[in-house]
Amino acid sequence: MAEVFETVEQLISEIESAKPDTPEALEQFRIRFLGSKNVIKPLFGEIRNVPNERKKEYGQLVNKAKELAEARYNSLKEALAAQSEAAAAKELDLTRPGDPFGLGSRHPISTTLNRIVTIFQRMGFSVAEGPDIEDDWHNFTAMNTPEDHPARDMQDTFYLRNSAELLLRTHTSPVQARVMTSQKPPIRIIAPGRVYRSETISARSHAQFHQVEGLYVDEGVSFADMKQTLMYFAQEMFGTPKIRLRPSYFPFTEPSAEMDVWIGMDNEKNYRLSKGTGWLEILGCGMVDPQVLENCGIDPERYSGFAFGMGIERQAMRLYDIPDIRLFFENDVRFLEQFKAVI
Ligand code: PHE
């Protein structure tokens with residue numbers, strides 16, 4: 001009977017005198033006294049064999065052994081950690097060069113956007129913004145898009161749930177309406193931003209992309225002013241002033257045109273991009289329809305203006321030779337890292 005008391009006493013002195021001085025020895029200590037199969041655990045069971053009058057004393061002794069093992073383990077662990085820190089400090093080489101931070105890079109859409117914005121800012125345009133969630137009036141009605149226009153179709157437009165009124169803007173043109181209803185001419189703005197269309201996602205089209213809108217309203221603004229402005233833009237952006245305006249249709253401009261830039265076809269890439277014509281389609285434009293001016297509270301008898309809108313992704317794809325529009329939105333660092341050198 002006295003044997004169990006003795007066993008516990010022995011363990012206690014073993015715990016008190018243990019001096020593990022390596023992480024491995026400390027782990028041995030932990031396994032022996034605190035692990036799931038530790039030596040103290042079975043001693044609790046031995047209480048069955050201790051006579052009643054000594055049970056309490058025995059229980060306290062075993063508990064003491066357990067608590068001691070825990071306390072000792074914690075203090076030994078701290079001592080060892082301090083030791084290895086001191087050793088590391090001794091080896092510290094202050095002359096070693098630091099680890100460089102990995103530099104991030106701008107997204108190719110941002111770089112392209114910034115380039116376009118800067119070109120127009122130099123011509124005196126300032127940046128305007130509108131919300132991605134638009135109402136039907138700014139996106140369609142003000143822009144002279146009739147109720148039965150196919151662009152309003154659910155198949156093209158993302159409407160917000162339970163709302164015939166709120167939608168994700170399908171182009172940046174609603175910013176025209178926002179500016180014209182809040183500012184007096186002369187107006188000279190560009191509006192970069194995200195637009196949304198309910199389209200099947202493929203290598204060439206995405207349900208979310210970026211546009212830059214431009215608007216110039218003042219007295220006596222002519223088609224020639226628009227052409228000159230866009231020609232200058234083409235020169236700065238693509239290094240060629242050779243542009244072509246093809247007649248087109250938009251509900252909010254009259255007359256309307258689409259602008260192509262001459263990229264030639266003297267190499268395979270340009271031949272492919274221009275589908276064998278040498279011309280690359282860049283933007284839609286036209287003279288602001290007098291009805292749009294009127295919708296926005298600007299007197300069409302006194303003022304005239306031009307507007308244009310262009311997609312960014314397509315231009316970025318051309319600029320950086322990117323074959324698939326989806327790459328822009330996957331945020332794969334292996335893709336993005338390639339644009340580190342681009343400012
Ligand atoms: N909003 C037109 C589009 O998304 C582009 C455009 C803007 C055309 C302004 C003419 C004038 O295709």
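Every number for a ligand or one of its atoms is a count from 1 in the order of the listing.
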* **Residues forming a salt bridge (charged side-chain N to carboxylate O under 4.0 Å, His left out) with Arg272, sequence neighbours excluded** =>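 Salt bridge (charged side-chain N to carboxylate O under 4.0 Å, His left out) list for Arg272, sorted by chain: Glu268.
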* Is the closest N or O pair between Arg197 and ligand 1 shorter than 3.5 Å? ->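 Among all N and O atoms of Arg197, at least one is under 3.5 Å from an N or O of ligand 1.
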* Is there at least one pair of N or O atoms, one from His171 and one from ligand 1, spaced under 3.5 Å apart? ->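 Yes - when backbone and side-chain N and O of His171 are compared with those of ligand 1, one distance drops under 3.5 Å.
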* Asked: Quick check: are there more than 12 heavy atoms from other residues, nucleotides or ligands sitting under 6.0 Å from CZ of Arg318?
  ->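 It does: Arg318 CZ has more than 12 such atoms within range.
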* To do: Look at atom NZ of Lys55 and say whether more than 12 heavy atoms of other residues, nucleotides or ligands are closer to it than 6.0 Å.
  =>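 Count over threshold, so yes.
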* Is there side-chain contact between Phe328 and Ile322, with at least one heavy-atom pair below 4.5 Å? ->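 Phe328 vs Ile322: side chains touch.
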* Protein contact of atom 2 (C) of ligand 1 - nearest heavy atom, named by residue and atom, plus distance ->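 Looking only at protein heavy atoms, the one closest to atom 2 (C) of ligand 1 is Phe252 CZ, 3.8 Å.
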* **Protein contact of atom 12 (O) of ligand 1 - nearest heavy atom, named by residue and atom, plus distance** =>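 Looking only at protein heavy atoms, the one closest to atom 12 (O) of ligand 1 is Phe250 CE2, 4.0 Å.
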Which ligand 1 atoms does [X] reach within 4.0 Å, using its non-hydrogen atoms?
X	result
Gln211	3 (C), 4 (O)
Phe308	7 (C), 9 (C), 11 (C)
Gln176	9 (C)
Ser173	1 (N), 7 (C)

* Asked: For the atom pair OG1 (Thr112) and CE (Met317), what is the distance rounded to the nearest 0.5 Å?
  ->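 Thr112 atom OG1 to Met317 atom CE measures 11.5 Å (nearest 0.5 Å).
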* Only pairs at least two apart or in different chains count here, so list each side chain to side chain donor-acceptor pair (under 3.5 Å) that has a residue in residues 236-252. =>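 Sorted pair list: Arg122-Glu236, Arg244-Asp260, Arg246-Asp260, Ser248-Glu258.
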* Asked: For ligand 1, which part of Cys285 has a heavy atom less than 4.0 Å away: the side chain, the backbone, both, or neither?
  ->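 Backbone only; the side chain of Cys285 stays clear of ligand 1.
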* Asked: What closest approach, in Å, do Ala142 and Asn295 show between heavy atoms, and which atom pair accounts for it?
  ->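 Looking at all heavy atoms of both residues, the closest pair is O-ND2, 3.0 Å.
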